[in-house]
2 protein chains.
Amino acid sequence: MTETAPRPTLEAVAERAGVSRATVSRVVNGGDGVREPLVERVRRAVEELGYVPNQAARSLVTRRHDAIAVVVAEPETRVFADPFFALQLRGISKELTAHDNQLVLLLTEGRDDHARVGRYLAGGHVDGALVFSLHLDDPLPGLIQRAGVPTVFGGRPGWSDGSRDVVFVDSDNRGGARDAVRHLVNLGRTRVAHITGALDQTSAVDRLEGFRDIMGDAGPQLVVEGDFTPGGGERAMRELLERCPDVDAVFAANDLMASGALRVLRERGRRVPDDVAVIGFDDMLPVTEQTDPPLTTIRQDIEEMGRLMARLLLGTAGAASSVVLRTTLVRRASA
Amino acid sequence: MTETAPRPTLEAVAERAGVSRATVSRVVNGGDGVREPLVERVRRAVEELGYVPNQAARSLVTRRHDAIAVVVAEPETRVFADPFFALQLRGISKELTAHDNQLVLLLTEGRDDHARVGRYLAGGHVDGALVFSLHLDDPLPGLIQRAGVPTVFGGRPGWSDGSRDVVFVDSDNRGGARDAVRHLVNLGRTRVAHITGALDQTSAVDRLEGFRDIMGDAGPQLVVEGDFTPGGGERAMRELLERCPDVDAVFAANDLMASGALRVLRERGRRVPDDVAVIGFDDMLPVTEQTDPPLTTIRQDIEEMGRLMARLLLGTAGAASSVVLRTTLVRRASA
DNA sequence: GTGAAAGCGCTAACAT
DNA sequence: ATGTTAGCGCTTTCAC
């Protein structure tokens, strides 16, 4: 890796424009309180020299970095299985970009990485952190809180018992699940099953709660634990058909599992939605539109969640605390 | 966003350890040329104070940042459609982490963002850039080269006419395609079709070349342009069946399109592989293992590509220039 | 082997 | 409104 070529400094611009460094600095940072002709001269000098501020020097004195960290724990688990995370990242990126912030991505693979991330955040390299804490027992969130960096979580952290002053952005998983199940019930279905997500994630737990809100605790054999993957959906669906062959509706905790369930139903010759109605969660377009039949599902605006997280962190959203986003039912052919 | 708490400086550590700042600095940076007892004392002081070096101050003098940018152009296009990019990112992250480098993610959505990225890179905020240039006519690569930042490209850039001194990491798309087609031919298939990827990407072009290496220019009606998406695969497959109802083998330029093709074939009652053999490209596990039947494909080690890109950029891989990775045929049930 | 001192490029008081 | 000046926290000659 070669050295970067020497770049012009404030000093150089000041000299060229025939003003002081302070004036150049003012112009570069918005130009308030500098008279027009000077602003113009400085601007030209900046242009001609191709001057770009040295962020390190600036940070040294301002103690701001215009950078925030996005921490993603254990990518293998879920992150790379579906576009969920990518969409959120995109929302985050857009919002950060709009506010001239950089995105430092911190992927962690295991325990060793936790310490590393903790050190980095505590090191004051970034102005804040956006954290995706996937699992209930993840030690990372604690580490991060101790690092004393402003943080917004993606999804309700498992240990956030309401009282804690954690800020997070989440979908209304419970409400969405209720809508899904209610829809199935309104369709006249009476034996409604639920394929849960990985229950060490709050989203899965909340969706299960929503299911129970409508269906009560009756028929516990109609609830099968899945893992948010298509394979898990298949397994769960098989189990379901075994336990309760006359099941007439399935609410899967995400689209991926619903697609797996659909596959098994077709394999077993059950017609969807005639014999069994199926509804998913997420509205992952590449999935919902490709299934056969197209999947009815609960949509959450994932990109918006990311955008909101960033906005919360940057303080752009006012003094808002945690936000729970509404979900919407998207009817397609499967239910 | 609250202010970060004031952190101990070198000065504080020096005082506590009863040495000079210079000595502390030496210890912190490896401790060469400092006698053991002092090293020990300094280490303890660092520990007790919880000292973490201020990266901004360090960068200001060293002109290094221990950070590299990952530039991804136009995420919507491909990045979020399949886990390809996520896997590469993971490889990159692992390698960077191992060398104490941070990953600054730069997502671009359109022309405006190009200027922004160019400015950022030219601004000397990072020590290098890893760039994914998806399209042949993308102006971004040019901008980046002009920025004078060491760069490694993911995938062969379209304008890299061999002669140029661009460094990239790519799979042997052409060779892999040849293997795929050869496999189909060895199966005794005679009417082998090809669903290409988006032909404004070199990977798609190279795979098409590979197809032609084996099949020649005969039967141009057996080549249909796709776009790397499942939907594109479906459309192409329909077109193919129309043009040439007796097609007995299909090489799709990626697994996603192959899955779409599979869907259409099933829909039309063609048995796979009996009537039509299908082979994909990538070996995207979530796709290849979920299709019916499981998909035979050409595997490329995506995570390794990412790791290699990082290694090349960091100079860890010796004086290596561009690298083209071998692919392997993975036989499953579809061909 | 260790310390003293000179900046790195910038911003923010404070003068003017 | 503009200039002067004093650091921000660190590395790195250069003396000792």
Side-chain angles (χ1 to χ4, degrees), chain A residues 3-43 45-46 49-67 100 122-127, chain B residues 3-43 45-46 49-67 100 119-120 122-127:
Chain A
E3 277 305 309
T4 313
R7 297 184 297 109
T9 70
L10 251 202
E11 180 91 53
V13 177
E15 189 174 352
R16 175 150 199 139
V19 299
S20 72
R21 275 151 50 199
T23 298
V24 178
S25 176
R26 289 181 187 111
V27 172
V28 169
N29 292 292
D32 299 337
V34 180
R35 262 199 272 272
E36 195 44 46
L38 269 200
V39 171
E40 203 39 56
R41 272 223 318 267
V42 171
R43 288 250 160 80
V46 165
L49 262 35
Y51 168 76
V52 184
N54 179 321
Q55 187 61 42
R58 180 180 279 174
S59 290
L60 188 55
V61 37
T62 62
R63 282 136 190 303
R64 302 193 62 261
H65 299 85
D66 296 323
D100 268 312
H125 300 304
V126 292
D127 301 327
Chain B
E3 277 306 308
T4 312
R7 297 185 296 107
T9 71
L10 249 202
E11 181 91 51
V13 177
E15 189 174 351
R16 175 147 198 141
V19 298
S20 72
R21 276 151 50 203
T23 298
V24 177
S25 176
R26 289 180 187 115
V27 172
V28 169
N29 292 293
D32 299 339
V34 181
R35 262 198 272 272
E36 194 45 45
L38 270 200
V39 171
E40 202 40 53
R41 266 209 339 255
V42 172
R43 289 251 159 81
V46 165
L49 263 35
Y51 169 77
V52 184
N54 179 321
Q55 188 60 43
R58 180 181 278 175
S59 290
L60 187 54
V61 36
T62 62
R63 282 135 192 303
R64 302 194 62 258
H65 300 84
D66 296 323
D100 268 311
R119 227 180 307 124
Y120 183 76
H125 300 302
V126 291
D127 301 327

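Protein chains get the first letters and strands the later ones, always in sequence-line order, with residue 1 at the start of each.
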Quiz prompt | Where protein sits on nucleotides 9-16 of chain C, one letter per nucleotide: B base, S sugar-phosphate only, - none, heavy atoms under 4.0 Å | solution = BBBBB---
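- Put simply, the side chain of A:Ser25 never gets that close to the backbone of A:Arg21: no donor and acceptor are under 3.5 Å apart.
- Considering CD of A:Glu36 and CG of A:Leu38, their distance stands at 9.5 Å, rounded to 0.5 Å.
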Practice problem: Test A:Val126 against A:His65 for side-chain contact (heavy atoms from CB on, under 4.5 Å), laying out the working first. | Solution: CA-CA 6 Å; A:Val126 292; A:His65 299 85; 5.6 Å; no
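- Of all nucleotides in DNA chain D having an atom under 4.0 Å from a heavy atom of chain B, the first and last in 5' to 3' order are D:dG9 to D:dT13.
- A:Leu49 CG to A:Thr9 OG1: the interatomic distance, rounded to the nearest 0.5 Å, is 8.5 Å.
- Looking only at distances, no side-chain donor or acceptor of A:Arg26 sits under 3.5 Å from a matching main-chain atom of A:Gly33.
- Under the salt bridge (Lys or Arg N to Asp or Glu O under 4.0 Å) criterion, A:Arg16 pairs with A:Glu48, not counting sequence neighbours.
- The side-chain heavy atoms of A:Asn29 and A:Arg58, taken from C-beta on, include a pair separated by under 4.5 Å.
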